There are 2 protein chains.
Amino acid sequence: MGSTERKQIKSTRTAFTIIERISSTDGATVSELAKTLGHSKSTVHAHLQTLTEMGYLFRIGDEYHVGLPFLTLGGAARSTDRYQNLYRAAKAEIDDIVDQTGERAQVVVEYQGEGIYFYQSRGHRYVQTDSQLGTSVSLHSTAVGKTILSVLPDDRVEEILSNSELRPRTEHTVVDRGELRERIETIRERGYAYDREERIEGICCVAAPIECGPETIAGLSVTVPTKRASGEYFEKELPTLVTNVARVIELNTQYS
Amino acid sequence: MGSTERKQIKSTRTAFTIIERISSTDGATVSELAKTLGHSKSTVHAHLQTLTEMGYLFRIGDEYHVGLPFLTLGGAARSTDRYQNLYRAAKAEIDDIVDQTGERAQVVVEYQGEGIYFYQSRGHRYVQTDSQLGTSVSLHSTAVGKTILSVLPDDRVEEILSNSELRPRTEHTVVDRGELRERIETIRERGYAYDREERIEGICCVAAPIECGPETIAGLSVTVPTKRASGEYFEKELPTLVTNVARVIELNTQYS
DNA sequence: CGCAGCAGTTCGACACTGTCGAACGGGGTC
DNA sequence: GACCCCGTTCGACAGTGTCGAACTGCTGCG
């Protein structure tokens with residue numbers, strides 16, 4: 001700490017802290033925010049008033065909610081130079097996978113040590129999901145996450161692992177750093193990763209990494225319910241599919 | 001003015017002004033922002049440092065860009081109580097339309113006098129587009145926009161029209177308030193709207209309104225290139241399709 | 001080679017403003 | 001009717017966001 005925090009705007013920090021809290025609890029009131037964030041009601045009130053007036057929040061009764069302008073900014077982020085090629089390539093290929101398999105498929109991008117759902121699509125036999133556009137997930141508890149770790153330089157992996165607490169999500173979640181490193185090594189060798197109920201009971205994934213440059217690391221995964229997660233389909237077909245498609249996305253990202 | 005602007009946080013305003021500028025120019029530097037926004041370089045610098053450190057912006061060379069965390073907030077906005085039903089219903093139906101027609105289709109939601117691209121999908125013969133997720137459009141220059149106006153209460157329509165300058169986008173854009181009101185009246189009667197190159201040359205739309213409650217007004221449109229915008233297809237089939245699907249979305253939004 | 005010119009960055013100082021706690025008004029409930 | 005808790009307003013102070021000037025480092029031009 002103390003590295004790049006020369007002069008910063010404290011009130012902007014609190015503004016975004018408020019926004020984040022509202023977003024994660026899906027609505028909050030002045031008093032709730034004041035209590036949980038440790039600010040006076042009047043301070044919170046002033047912030048909410050500002051953000052509402054600018055349109056970034058909207059109000060139902062006494063509850064404030066995050067507004068659609070963030071979708072505008074999110075869309076802008078996705079069509080940034082760094083990401084727009086990936087978006088274009090990923091969308092087409094993911095939709096293809098969904099058409100072929102009927103499962104759920106997604107691209108997750110590494111952003112500052114976390115994975116962010118970048119594009120997602122669901123097929124006719126899709127499984128229910130808490131994860132939708134923009135959801136951020138920890139890299140250690142998902143198949144995509146581990147494929148991302150498998151292609152990051154060692155020092156970044158160590159940095160990320162030491163900053164995360166490896167919180168278990170299910171009884172199958174890998175929480176031991178040593179075992180995690182071993183698994184990552186395996187993934188690095190064979191090129192794809194499995195998640196067998198490590199994050200959510202009853203849900204499995206197959207994933208492959210997508211490298212679009214040193215700064216843009218992503219992963220692609222197909223999600224299936226455990227009942228379909230076995231045999232030729234899960235051991236051969238899907239791994240082949242995701243690794244092939246990941247390579248196609250990489251190529252399409254380069255030339256466009 | 002002077003109504004609800006009691007006590008507001010000025011620095012948060014400038015923070016978001018900076019973010020908006022960066023987003024609309026797809027990247028900007030300290031000096032550019034200082035110049036165009038009328039702040040000192042040091043002020044802008046402090047803001048950028050804060051936002052970058054929080055992850056909301058990222059930096060390439062000396063250019064700052066909007067980051068993926070906004071996608072997280074945007075996703076949260078879309079799965080807010082007010083919007084999540086609409087999202088679920090709209091996604092399924094829009095994807096259906098795209099499968100059937102191969103065109104581009106989208107749902108646009110009214111938010112504070114503007115239309116925001118809420119969900120969009122493109123088919124195999126989709127037309128190129130500058131509009132993607134989160135894009136905000138004026139209500140007077142699009143077919144969806146006018147269907148939205150057609151179901152809003154008169155006073156809100158007047159309010160919105162008086163606040164917008166009716167800037168022409170093409171030579172076909174309706175800029176006369178009287179004519180606009182007439183067209184809206186027509187749409188109100190027959191239930192759907194056309195856009196014949198009013199916003200973009202070579203591109204036409206058919207749209208129908210979606211009412212999901214007094215606070216959640218949206219519209220659905222199918223976009224086709226002018227060369228396909230004629231005959232039975234454009235005059236009968238598409239209008240029937242969009243009005244029917246709009247009704248289905250309304251129903252599915254109510255019960256879930 | 002060096003000097004201008006322009007980038008981003010740091011610094012110190014001041015006026016402003018974001019912050020707080022207390023007080024107000026209004027809907028509930030017991 | 002008295003309580004409680006909500007959002008809101010107020011005034012005052014400390015804190016900080018703001019500015020311009022000065023610093024660094026780079027580029028390119030003379």
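Worth saying up front: this structure is predicted, and the values here are computed from it rather than measured. Order of the sequence lines fixes the chain letters, A, B, ..., with proteins taken first and strands second; residue numbering starts at 1 for each chain.
Atom NE2 of A/His39 is separated from atom C1' of D/dG15 by 13 Å (rounded to the nearest Å). Following rounding to the nearest Å, A/Asp62 (CG) and D/dC5 (P) show an atom-to-atom distance of 16 Å. Atom CD in A/Glu32 sits about 14 Å away from atom P in D/dC5, given to the nearest Å. As a whole-Å value, the separation of A/Ile18 CD1 from C/dT19 C1' is 12 Å.
One N or O donor and one acceptor, one from the side chain of A/Lys7 and one from the base of D/dT18, sit under 3.5 Å apart.
Residue B/Ser40 is classed as a base contact, given a heavy-atom separation below 4.0 Å to a base.
Along DNA chain D, the nucleotide closest to A/Ser42 and the one closest to A/Ser11 are compared, and the more 5′ of them pairs with A/Ser42. Map B/Arg59 and B/Ile9 each onto its nearest nucleotide of DNA chain C; the residue landing nearer the 5' end is B/Arg59. Residue whose closest nucleotide on DNA chain D sits further toward the 5' end, between A/Lys41 and B/Lys41: A/Lys41.
Counting heavy atoms from C-beta outward, B/Val245 and B/Leu220 have side chains that approach closer than 4.5 Å.
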Exercise for the section: Just do the ring pair (Phe, Tyr, Trp, His ring centres under 6.0 Å) check on A/Tyr56 and A/Phe16 with the steps written out, would you? Expected result: CA-CA 11 Å; A/Tyr56 287 101; A/Phe16 274 97; 8.7 Å; no
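Residue A/His47 has a polar side-chain atom (N or O) positioned under 4.0 Å from OP1 or OP2 of C/dT19.
Of the charged side-chain nitrogens involved, at least one lies within less than 4.0 Å of a carboxylate oxygen, so that B/Glu158 and B/Arg181 count as a salt-bridged pair.
A rotation axis mapping the C1' atoms of four pairs onto the next four is fitted at both ends of the helix from C/dC1-D/dG30 to C/dC24-D/dG7 over five pairs, and the angle between these axes is 40° to 10 degrees.
For the residue pair B/Ser164/B/Ser138, the side-chain donor-acceptor check at 3.5 Å is not satisfied. Residues A/Ser40 and A/Ser42 have side chains that bring a donor and an acceptor to within less than 3.5 angstrom of each other.
When all heavy atoms are compared, the tightest approach of B/Gly134 to B/Ile116 is O-CG2, 3.9 Å.
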